[in-house]
Number of protein chains: 2
Amino acid sequence: MTSLGEYALLDQSWHDVVPDAARRMLIAAAQAFADKGYHATTTRDIAARAGMSPAAVYIHYRSKEDLLFQISRIGHERSLKVLTGVQDPDPVDRMARTVASFARWHAEFRTTARVVQYELGALSPEHHAVVAELRRKIETHVRSMVEEGVRSGAFTVPDLKGTSLAVLSLCIDVARWYRPDGTRTPEQIGSLYADLVLRMLRTP
Amino acid sequence: MTSLGEYALLDQSWHDVVPDAARRMLIAAAQAFADKGYHATTTRDIAARAGMSPAAVYIHYRSKEDLLFQISRIGHERSLKVLTGVQDPDPVDRMARTVASFARWHAEFRTTARVVQYELGALSPEHHAVVAELRRKIETHVRSMVEEGVRSGAFTVPDLKGTSLAVLSLCIDVARWYRPDGTRTPEQIGSLYADLVLRMLRTP
DNA sequence: GTCTATATCCGGATAGAC
DNA sequence: GTCTATCCGGATATAGAC
C-alpha cells in the first residue's frame, strides 16, 4: 500500500495528466508496474487500484502497453528535467548538485523510476524509440558534465565515457535498492552520492 | 540468439546440473528470463529454446517458478563465490581485485546476473527467503571489506553502510547496462571499476 | 524420458446498456 | 464516461501413449 505522502509526491509528477480518472489510472498502473512488473500486472489489478471497473482502463488508454508508454515517457521527461535543471558556473559544484538531485529523485520517486528503468523491454518498438531518444539525452548530459570538469582541470578520469556511465549507473541503481522504510532519507542519499562521485572524479 | 562463446561460459556455471536435458532446459530458461523477463516468458518458449516439447519442462522441474528458483539460487551462489574468492592480505588490493572480478562477472555472465538481480519478485516466499539469505551474505562481505580498509587507515568513508551499498550497487548495475557488443570487455570494465571504487574509498 | 493431445484457467480487449 | 457481461486467444500444467 502507498502512504498518502508518496501519493502526493507521485501526484506532482502526473499533475498535468487530465482528466482526473486518467490520472488516477496512470498512478495506479505505475504503482502496480513498480510492485510486480508490467507483465505480472493485470488490467483488472490496475482498474481495482484506481477504484474502477476493468473496462474503464480502455476509456482513456488504447491498451495496457499505452499506459506503460505514458508512464515511461512522462517519467523519462521528468528525470531528464531533474538532471539538467541544475545551473552552476563551477563544474564541480554543478556535478555535485546534479548527482545529489538525480540520485535523490530515484529514491523519492522510486515507483516511477523503477518503471522507467526496468520496463523498457515491454514497450512496443515505436514507443521504445521515443524513450530511447530521451535516454540518449540523459547519457550525453552526464558525459558533457564530466567533460567540462576535465577541461577545467578539476576532474581527471581514465576513461571519459566509461566513467560517465558509471556515475549515471550509480544514481539509477538507487531505484533498485532504495526502500522508503530504510534509515536514509532520499536527501541523505543524494548528499552521500554527491560526495562519493566527487571523490571518483576529482584530480588528486 | 546466443553465440557459442557465451553458451560455453554459461555452461561453466551450470556444469554440475545433471542430467543433460535438465541443464539445457535451465540454460534455455535463463536466456529467456534474461531477455524478456520471467512473466513474459512462456514454458513453450523455454522448451523450444531447449529443443524439446512443452511438456518436457515438467520432467525435470515442478513448475516454471521452480526453474526460476534453481537459476536464482545457483546464480546467487556463484556470485557469492566470485565475491568472496579473492584472498589478499592488503585491504586495498583485496578490494580492488574483488571489485574487478565482481563487476566483471556481472558483465560476462550478464544473462544469469539479470535473472539474479531483476526476478527476485517472481520467486515464491519460501524460495525468496533462501536467496535473501545469500544476498545478506553478499552485503555483509562488502561491508566488512570496507570496514577492514577503514581500520587499516587506507580508507576513509563518511557513512560505512551507505558507502558499502554504493560499491555493491555500482557493480550490480553492470548487468543492466552492459552489452556484449559494446566497446569495453568485461575485463576492462572490471579494471575501470576497481580504479573508480578505490578513488571513492581511499583516504586522501 | 519424451512425445502428442488436452483440460483448465486467466487476461486483454470489446459490446452494448445506462 | 462508466458499468456489466462476455469473447477469445493463450498460458500452465497434466494425461496417457510410446
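Predicted, not measured: the structure shown is a model, and the values here were computed from it. A, B, ... follow the sequence lines: proteins, then strands. Residue 1 opens every chain.
Atom P of nucleotide C:dG1 and atom OH of B:Tyr61 are separated by 12 Å, given to the nearest angstrom. Regarding A:His60, its NE2 atom lies at a distance of 16 Å from the P atom of C:dA13, rounded to whole Å. The separation between A:Asp20 atom CG and D:dT2 atom C1' is 14 Å, rounded to whole Å. Across the protein-nucleic acid pair, B:Met52 atom CE and D:dA13 atom C1' stand 16 Å apart, rounded to whole Å. The distance from atom OH of A:Tyr58 to atom P of D:dT4 is 16 Å, rounded to the nearest whole Å. What separates CG of B:Asp45 from C1' of D:dG10 is a distance of 13 Å, to the nearest Å. For A:Met25 and C:dG12, the CE to C1' distance is 14 Å, given to the nearest whole Å. For the pair B:Arg62 CZ and D:dT12 C1', the computed distance is 15 Å after rounding to whole Å.
OP1 and OP2 of D:dA11 both lie 4.0 Å or more from every side-chain N or O belonging to B:His39. Between A:Thr43 and C:dG12 there is a side-chain polar atom (N or O) within less than 4.0 angstrom of OP1 or OP2.
Salt bridge absent: B:Glu119 and B:Arg114 never bring a charged side-chain N and a carboxylate O closer than 4.0 Å. Between B:Arg184 and A:Asp159 there is a salt bridge, since a side-chain N of the basic residue sits under 4.0 Å from a carboxylate O of the acidic one.
Within the 4.0 angstrom heavy-atom criterion, base atoms lie near B:Ser53. Across all strands, B:Ala55 comes closer than 4.0 Å to base atoms (heavy-atom distances).
The B:Ser63 side chain lies nearest to D:dA13 when the options are D:dG1, D:dA13, C:dG1. With D:dA13, D:dG1, D:dT2 as the candidates, the nucleotide lying closest to the side chain of A:Ala21 is D:dT2.
Side-chain contact between B:Leu168 and A:Trp177: absent, with no pair of heavy atoms (C-beta onward) separated by less than 4.5 Å.
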Kindly determine whether B:Asp66 and B:Gln70 satisfy side-chain hydrogen bond (donor to acceptor under 3.5 Å, both in side chains), including the steps that lead there. CA-CA 6 Å; B:Asp66 183 35; B:Gln70 297 308 330; 3.3 Å; yes

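Taking for each of A:Arg44 and B:Ala56 the nucleotide of DNA chain C with the nearest heavy atom, the 5'-most of the two is the partner of B:Ala56.
With B:Arg143 contributing its side chain and B:Leu160 its backbone, the two residues share no donor-acceptor pair below 3.5 Å.
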